[in-house]
2 protein chains.
Amino acid sequence: MATIYQVSDLAGVSLATVSRVMNNNAKVSDKTKQKVLDAMKELGYRPNATARSLASNRSDSVGLLVPELHGPFFGQMMGGTESELRDAGKHVIITTGHSDVDKEVDGIEFLLSRNCDALILHVEAVSDEYLIELHKGKVPIVIINRYIEEMADRCITLDNALGGYLITKSVLEKGHREIAYISGPKWKDDSNQRIKGHKKALEEFNVPFNEQLMYQGDFTQTGGCDGLTSLLDAGIPFTALVCGNDEMASGVLATARQKGMDVPKELSVTGFDNIIYASLLFPTLTTIDYPIRQMGHMAAKLVLKEVYDKKKLEIRHQFIPKLVERNSAIIV
Amino acid sequence: MATIYQVSDLAGVSLATVSRVMNNNAKVSDKTKQKVLDAMKELGYRPNATARSLASNRSDSVGLLVPELHGPFFGQMMGGTESELRDAGKHVIITTGHSDVDKEVDGIEFLLSRNCDALILHVEAVSDEYLIELHKGKVPIVIINRYIEEMADRCITLDNALGGYLITKSVLEKGHREIAYISGPKWKDDSNQRIKGHKKALEEFNVPFNEQLMYQGDFTQTGGCDGLTSLLDAGIPFTALVCGNDEMASGVLATARQKGMDVPKELSVTGFDNIIYASLLFPTLTTIDYPIRQMGHMAAKLVLKEVYDKKKLEIRHQFIPKLVERNSAIIV
DNA sequence: TTAACATAGTTAAGCGTTAAACTGATGAAA
DNA sequence: TTTCATCAGTTTAACGCTTAACTATGTTAA
């Protein structure tokens with residue numbers, strides 16, 4: 001691989017001049033610049049990002065940590081972030097945390113050790129304190145999908161409580177009163193916020209919350225399957241089943257079909273997230289739209305603004321969920 | 001951030017000794033080693049990967065290029081590759097190509113400029129020649145989902161032709177003779193291989209191939225919607241519709257439902273890939289299983305074997321597709 | 001006693017850039 | 001004509017680490 005040294009040699013100028021042409025951060029005459037560019041082309045020169053980063057302490061790349069690489073949700077988020085940053089000539093380094101403290105910390109350290117200019121984190125296991133501490137360091141942090149008071153200006157969140165409220169309210173408005181709920185893991189904040197919204201809606205309609213109609217799932221399809229089975233086995237009747245996310249709802253739909261239950265006639269089912277295939281399920285899923293792709297975009301914009309001086313970008317910190325009515329929930 | 005220098009200072013040894021403790025690649029007495037480790041801990045030392053990589057010309061990270069970050073297919077592939085490499089203490093740097101020559105080249109150059117120890121590529125737009133040329137360079141390349149004779153030992157592929165054959169054969173065996181086909185883009189190799197298999201099956205059953213029952217889609221849901229509409233408009237009757245992939249098939253199912261067609265009674269539909277939600281569609285989709293996650297794993301293993309000297313790993317270059325019969329295709 | 005040889009550690013030269021400090025030439029103002 | 005900026009380039013010291021070459025200090029065996 002050609003180095004800047006060979007380029008400078010061929011062009012008959014000094015190292016520094018080549019560096020200046022590359023970064024165009026100082027005056028270089030057009031004639032000299034052309035000589036350098038020609039030499040670069042001739043040698044097929046490609047700057048060594050590692051050396052650059054070491055010398056300049058920038059890397060033109062942003063670290064992105066997500067729980068998982070697969071799944072409809074994070075794919076959208078990564079896609080949004082990546083496209084925004086790429087348009088700005090920045091690159092993204094993606095790694096995973098698997099919702100595990102050690103792995104999340106490990107991932108963050110990896111990104112830091114790679115000299116990322118900023119970090120965009122979707123972390124679930126690590127503590128608020130850890131993040132606040134991290135935030136005090138010199139690499140800017142953006143948190144997605146989690147709200148931390150002390151660094152509110154670096155958080156991009158969805159109003160999960162509102163979403164939880166809206167979906168349950170829509171079910172209540174259809175006349176349901178016996179409403180079961182399959183939640184996400186209790187230790188996840190978004191999961192709890194959704195439950196909070198759910199309870200608020202119940203309260204508003206004077207429906208007492210029944211702990212026995214609540215099943216704690218894990219946000220996966222299987223969790224939905226198990227949840228439905230468990231709730232049915234408990235023997236307490238319900239006409240609607242609100243799920244903490246779409247993946248669990250899809251599990252519920254599949255299991256219900258297996259058990260010969262007719263959704264929505266015998267049981268109304270709802271989801272949360274509006275993942276890409278929510279409209280392809282049968283019946284099509286009534287859910288809450290989670291604009292995760294836009295949030296991914298916004299996280300990137302926040303980085304562009306804070307780190308790369310794109311001052312005019314407008315940042316929106318909280319996103320609003322919207323009800324999407326389809327066919328899986330009907331009037332009782 | 002603490003540097004190796006400060007660690008050596010605190011431990012009262014030289015730079016080199018610290019470096020040796022980190023990499024344990026030379027004899028250091030236990031006593032000295034402990035002093036160094038203590039000093040590291042005290043300073044919260046974290047090695048600077050950039051400097052390391054510049055000095056050693058290794059990076060302990062593998063570049064991964066995929067067309068898109070979202071979508072059920074690539075998510076699985078990335079997940080497989082990442083988990084395998086991570087278990088081996090290696091990291092993955094992911095970037096995208098968007099099936100566009102310039103972007104793919106740009107992505108590859110980015111990965112090269114980051115000093116990746118190897119590249120795993122799922123590229124579609126770049127030419128074979130380009131890849132062969134790349135392969136001659138000093139960074140090892142693994143190609144996933146594309147077969148190139150000249151670098152066959154670096155390709156991990158699925159027998160797409162066999163898959164195409166199997167799915168069409170299964171439809172033929174159900175008695176269908178008027179079979180429409182929605183293909184992927186003509187310029188994608190896997191797309192063509194699937195068509196090839198399709199034709200072979202037709203031939204075997206003495207069913208003439210009818211160009212008018214062929215629609216070229218783009219592997220997206222929308223492509224499936226448009227395809228069905230277009231084929232119906234053409235007015236040539238067909239009892240089965242074979243789709244080049246599951247996403248298009250899901251579009252077909254949705255459109256068919258909209259048009260009031262009963263799948264599978266009026267029309268049998270099949271997909272290809274067996275994406276995560278194929279079993280959640282209604283009707284559940286008969287398709288070809290594409291073990292993309294395992295292939296992602298295998299690509300990682302190939303890298304581990306070739307680059308990181310894990311000699312005993314067994315590599316499998318070609319994967320075999322399997323028919324998955326569900327409810328979207330029935331006897332005519 | 002000494003040569004031969006490990007062993008444990010140090011020194012210093014890179015790796016490919018950036019960027020601060022410097023040089024020399026040109027030209028305009030005093 | 002001198003002075004002082006300005007401009008276009010150069011020199012050189014980092015950046016934080018690895019590693020080849022070297023030194024010092026035993027240890028062993030003849």
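As the structure is a prediction and not an experimental result, all values here were calculated from the model. Here is the naming used below: chain letters follow the sequence lines, and residue numbers restart at 1 for every chain. Because only heavy atoms are used, hydrogens play no part in the values below, and waters and symmetry mates are left out as well, while side chains stay in.
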Counting only side-chain N and O atoms of B:Ser29, is one of them less than 4.0 Å from OP1 or OP2 of C:dG9? yes
Any side-chain N or O of A:Tyr5 under 4.0 Å from OP1/OP2 of C:dT18? no
Provide, to the nearest angstrom, the distance between the CG atom belonging to B:Asn23 and the C1' atom belonging to D:dG16. 13 Å
Can you tell me if the side-chain N/O atoms of B:Ser19 get under 4.0 Å from OP1 or OP2 in D:dC17? no
D:dT18 phosphate, OP1 or OP2: any side-chain N/O from B:Arg52 under 4.0 angstrom? yes
Please classify the nucleic acid contact of B:Thr3 as base, sugar-phosphate, or nothing, using heavy-atom distances under 4.0 Å. sugar-phosphate
Give the rounded distance in Å between these two atoms: CG of B:Asp9 and P of C:dT10. 12 Å
Residue B:Met22, side-chain heavy atoms: nucleotide from C:dG9, D:dT18, D:dT11 that is nearest: D:dT18
Could you check which of D:dA8, D:dT18, C:dG16 has an atom nearest any side-chain atom of A:Asn48? C:dG16
So, OP1 or OP2 of C:dT10: does either fall under 4.0 Å of a side-chain N or O from B:Ser14? yes
With a 4.0 Å heavy-atom cut-off, tell me which residues in residues 54-61 of chain B come close to DNA chain C, sorted by residue number. B:Leu54, B:Ala55
Hey, does A:Thr96 have a side-chain heavy atom less than 4.5 Å from the side chain of A:Glu68? no
In whole Å, what is the span from the CD1 atom of A:Ile4 to the C1' atom of C:dG16? 8 Å
Report yes or no: does B:Asn23 contribute a side-chain atom to a donor-acceptor pair with the main-chain N or O of B:Asn25 at less than 3.5 Å? no
Roughly, in whole Å, what's the span from CG in A:Asn24 to C1' in D:dC7? 17 Å
Nearest-Å distance for atom pair CE/P, residues B:Met40 and D:dC17: 9 Å
Check for a donor-acceptor pair, side chain of B:Ser61 on one end and backbone N or O of B:His91 on the other, with a separation under 3.5 Å. no
Rounding to an integer number of Å, can you tell me how far B:Arg20 CZ sits from C:dG9 C1'? 7 Å
When we call it a touch if two heavy atoms are under 4.0 Å apart, what does A:Val13 touch: a base, just sugar-phosphate, or nothing? sugar-phosphate
Could you please name the option among C:dT17, D:dA8, D:dG16 that lies closest to any side-chain atom of A:Ala51? C:dT17
Under 4.0 Å between a side-chain N/O of B:Asn25 and OP1 or OP2 of D:dT18, yes or no? no
Expected output: side-chain B:Glu104 to main-chain B:Val126 donor-acceptor under 3.5 Å: yes
Nearest-Å distance, NZ (B:Lys27) to P (C:dT10)? 17 Å
Under a 4.0 Å threshold between the charged nitrogen and the carboxylate oxygen, would B:Asp60 count as salt-bridged to B:Lys90? yes
Nearest 0.5 Å, what's the CZ-OG1 distance between B:Arg86 and A:Thr95? 4.5 Å
